[in-house]
Amino acid sequence: MAESENGSMALPDFGDSIDALTFEQILEMDDDEEDREFSKSIVYGFFEQADATFKKMDSALKDNDLSALSSLGHFLKGSSATLGLTKVKDSCEKIQHYGQRKDVNGNPTHDNDARCLSLISDTVKVVKADYEEVERVLKRFYGDTGK
Amino acid sequence: MRFDDSMDRDQAMGGGGSSANSSSDFVRKLYKMLEDPSYSQVVRWGDDGGSFVVLENERFTKSILPKHFKHSNFASFVRQLNKYDFHKVRHNNEETGHSPYGSGAWEFKHPEFKANNKDSLDNIRRKAPAPRKPPQVVDEAVPTQQMDLVNTQLVATQQQLQQLQQRYEELNIHNSILTQELIGVQKTVVNHEHVMQNVMNYLHSVDARQRRDSKIGGPFANAEENAASSANADPAQQQMSPLEDEPASPLQNASKLLHEMSADVQLNYKNLEHMSEVHNRNGTISTPPPDGRHPRAPTSAGSSSSMGYAKLHGEQDAVVYPVGQTNGIDPMYSEHIHNIPYPMPSKEEIVDPRVAAPAGRKKSTQVDPGWVRAPQILLVEDDQTCRRIGSKFLYSFRCAIDSAFDGLEAVNKMNAGSKYDLVLMDIIMPNLDGVSACHLIRQFDHTPIIAMTSNIRSDDISMYFQHGMNDVLPKPFTRDGLLNMLEKHLGHLKQIPDGMEPMAQHPGASITQGSGGHSLKDESSPTQSPSTISNWQSPGQFSGISPTQAAPPHQYMHPMHSGFGQEQSPVQYQPPHTEMGAPRQMQHRRQISEIGSDDISNDPKRQRMYDQANPMGMQPMTRPR
């Protein structure tokens, strides 16, 4: 009467903030699914990167430095996209665009700097919230209950 | 003794990774844990020694797991068991209804995992990871037949999805190639202009000399010169040049240029032709490979998006997908894909764990594309996350990787004499961006350089090519996309095309390998290319594809919008090599000359050129959303 129950032993549902296909192709690179050494170090490396980037964004906001904000947005966009962190990536892309005085879709606008900065400031709040959400999900996934 | 041997083997097999002998490490730890009598209240062997039982889940998770497995996550423990093909023992007995070990107990078994039989542990191996699948809910009540049908459909759907993805990537690549070719053609046109100018200048000078000479002319020359001067109006004047004492250098110059140019044309011609071959070959990939294990697997492409291809390849018309788009699962919509309510057929159906060669175990994460030697890859990327993941993927493709933090470091490395087979180059980087780096590298080296970027608008891409890049890998890159790129540019480092036949064991992997693995078969399919040629001109054929534009599941598909138009043009050059003669080239040039010289190398106007290149109403496919 023994029966297999393992058909559905897939990875947990990461919700819509993480693109499962993208993230799973990284998980597949783990040599050992017990400690998930590789993906874990990537993800935790990303956490550090994100924290550092957010700090830089905050100070660039204080300095009204649009171009710095744009390149910080671009920077975090790359790594978040590679991990499949869709929401974070989208917000970063917005910051990148606003910093270049463009609209959400990357088309040039005539917004003045103050307007661009306020858009960025709002988006930075959003991206931080998005980030906290994925951080929580990912930490839970890696069995990190601390904090 | 046997145990020791097997440890060695494990170590050898685990290969590479930092946690090398992982394959049976887990099982040995598990066995060791069960040997400890002090745990018997919490976890112990089953009564008959053929299974083991976790009696107290909570205590087990909190106190025993951390000691033996460095974590305290029961689900993860179960998942791991699962990986090694342990099954939970379920007691469906109607009368008792629950486990003899108590209702909270979890009993697991594996046919090779027995108390007092350490040797058989060697037979327990990690299962190959299942293809990606969303979480599912299994309704046990559904009759198995129906389940089979659904499973079969699902396999078919997933195959379609994979094929479509692959196809998108191919199209993307072709788009890039075409852009590159167009640039070459533009250069040719520029050269042509120069040649014409040279010829004109020369003719003018000859003309002037003729007039002067005919006035001053010596007694010798007179007769001839006079005769010639009457022919002055005729450009056939070149006949005269051997008669002149001075070498007709402008003319020589011009003819030299002309010669170079025609060589260029031939070169481009071949590239394009090669590309169309690739294109045709790939076209057939949309027919899923015949699969012995699933004789009933529908081979088809019935969903709206694949209809375009189905029409292109007449042979598929007969195949009907069992469930229509409306009530089936449309592979183009990610919501569907992520919420498929049925499981994939369980792994056992596909590969019997014990029959499969042990080497096949780790295969799906360790793809060996069959290199003659490990390709040397330089990965230029400022973002450590991308760099590490990229390196890991490359490593899994058996490549040797070097990396550079920015363009400057890359240029320095190459300038210092490091030789690579391929360079993967991010575009936006501190200190020196990828395009400038490529430009510099091109002054002294011709290693293929691939741009890795999320900026893939057509004007960006043409700029990359103008500065000497060979291809574009859109970010975020996928493992398959990366592999395709390697196979495309490092074909010369591969052994035998079907070197990875064993891979076909895994349905997912066999698709991944598609372009390499099936080419042989496809080349023998004579109907393929003619049907492509005869159909391509009708815009109607492509209307079916546009839905994909509306809901692209992946960002990297975006560049297709300009790709489709261009995709078609190589077909013009499709006819066999032998027709490569003059008439065709003439036609080629005539078309280009219509473009007008001011468009050349003028990015903003480039778009206009694309318009001309695809006069069949493809333009509505502008940027999605």
Side-chain angles (χ1 to χ4, degrees), chain A residues 1-14 16 19-22 24-39 41-43 45-46 48-50 70-71 74-86 89-90 93 96 105-106 140-145, chain B residues 14 16-20 22 25-26 51 69-73 75-76 78-80 82-83 85-93 109 129-130 132-138 338 343-344 346 348 364-365 382-386 388-390 392-393 396 426 428 454 475-479 554-555 625:
Chain A
M1 275 301 165
E3 217 176 289
S4 164
E5 225 187 24
N6 53 12
S8 58
M9 282 300 191
L11 293 158
D13 183 5
F14 291 116
D16 60 353
D19 178 61
L21 288 180
T22 310
E24 281 173 21
Q25 68 174 355
I26 294 164
L27 294 183
E28 277 175 14
M29 302 312 292
D30 280 327
D31 295 317
D32 186 346
E33 299 208 4
E34 221 171 293
D35 53 23
R36 293 207 170 278
E37 189 185 328
F38 171 71
S39 68
S41 73
I42 291 279
V43 167
F46 172 77
E48 287 168 18
Q49 213 178 1
S70 176
S71 67
H74 172 85
F75 183 69
L76 201 57
K77 181 181 86 171
S79 41
S80 52
T82 309
L83 288 173
L85 311 179
T86 324
K89 185 211 91 183
D90 289 346
E93 190 167 58
Q96 185 191 355
N105 300 315
R140 200 187 312 131
F141 173 70
Y142 286 108
D144 181 350
T145 47
Chain B
S18 51
S19 44
S22 61
D25 211 22
F26 171 77
S51 65
F69 299 100
K70 293 180 290 190
H71 64 81
S72 56
N73 183 338
S76 155
V78 174
R79 197 156 45 228
Q80 192 74 4
N82 231 335
K83 282 282 174 205
D85 213 21
F86 280 80
H87 294 183
K88 186 181 180 202
V89 179
R90 185 182 292 175
H91 297 270
N92 286 347
N93 194 320
K109 72 184 291 175
R132 293 173 189 131
K133 55 199 172 193
Q136 303 104 350
V137 181
V138 186
H338 292 304
M344 285 290 289
S346 65
E348 290 80 354
S364 68
T365 52
D382 62 317
D383 173 45
Q384 62 151 355
T385 305
C386 298
R388 290 192 56 198
I389 293 173
K392 189 76 174 182
F393 286 167
S396 78
D426 189 17
I428 301 182
S454 54
K475 266 188 181 177
F477 52 81
T478 60
R479 197 160 167 262
H554 288 288
Q555 202 192 8
R625 282 182 284 175

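Below, each value reflects all heavy atoms present in this structure, side chains not excepted, and no hydrogens, waters or symmetry copies. The sequence lines fix the lettering, A, B, ..., with proteins before strands; numbering per chain opens at 1.
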- Task: Answer with side chain, backbone, both or neither: which region of A:Ser41 has an atom nearer than 4.5 Å to a non-hydrogen atom of chain B?
- Result: both
- Task: Output, in order, the C-alpha distance, side-chain angles, deciding distance and verdict of side-chain hydrogen bond (donor to acceptor under 3.5 Å, both in side chains) for A:Arg36 and B:Ser76.
- Result: CA-CA 11 Å; A:Arg36 293 207 170 278; B:Ser76 155; over 6 Å; no
- Task: Report yes if the side chains of A:Tyr142 and B:His71 come closer than 4.5 Å at any heavy-atom pair, otherwise no.
- Result: no
- Report yes if some heavy atom in the side chain of A:Ile42 is under 4.5 Å from a heavy atom in the side chain of B:Thr385; otherwise report no. yes
- Separation of A:Ile26 CD1 from B:Arg388 CZ (nearest 0.5 Å): 11.0 Å
- What is the minimum heavy-atom distance between A:Gln25 and B:Phe393, and which atoms define it? O-CE2, 3.7 Å
- Task: Measure across B:Gln384 and A:Gly45 and return the closest heavy-atom pair with its distance rounded to 0.1 Å.
- Result: NE2-O, 3.8 Å
- Item | Test side-chain contact (heavy atoms from CB on, under 4.5 Å) applied to A:Asp32 and B:Gln80, step by step | CA-CA 9 Å; A:Asp32 186 346; B:Gln80 192 74 4; 3.8 Å; yes
- Message: For a quick test of reading the model, state the closest non-hydrogen atom pair linking A:Met29 to B:Lys392 and the distance between them.
- Response: O-CE, 3.4 Å
- On a heavy-atom basis, the closest approach of B:Cys386 and A:Gly78 is SG-O, 3.6 Å
- Examine whether an atom of B:Asp382 lies under 4.5 Å from a heavy atom of chain A, and if so say whether it belongs to the side chain, the backbone or both; otherwise answer neither. both
- By ring pair (Phe, Tyr, Trp, His ring centres under 6.0 Å) - contacts of B:Phe69 (at least two apart): B:Phe26, B:Phe77
- Item | Evaluation steps, side-chain contact (heavy atoms from CB on, under 4.5 Å), between B:Ile389 and A:Leu83 | CA-CA 9 Å; B:Ile389 293 173; A:Leu83 288 173; 3.8 Å; yes
- Item | Closest non-hydrogen atom pair, B:Arg79 against A:Phe141 | NH2-CE1, 4.5 Å
- Item | Smallest separation among heavy atoms of B:Pro476 and A:Ala81, with atom names | CB-O, 3.5 Å
- Message: Let's test your reading of the structure: which of B:Ile428, B:Asp383, B:Asn73 forms the most heavy-atom pairs below 4.5 Å with chain A?
- Response: B:Asp383
- Measuring from A:Lys89:NZ to B:Ser454:OG, what's the distance to the nearest 0.5 Å? 8.0 Å
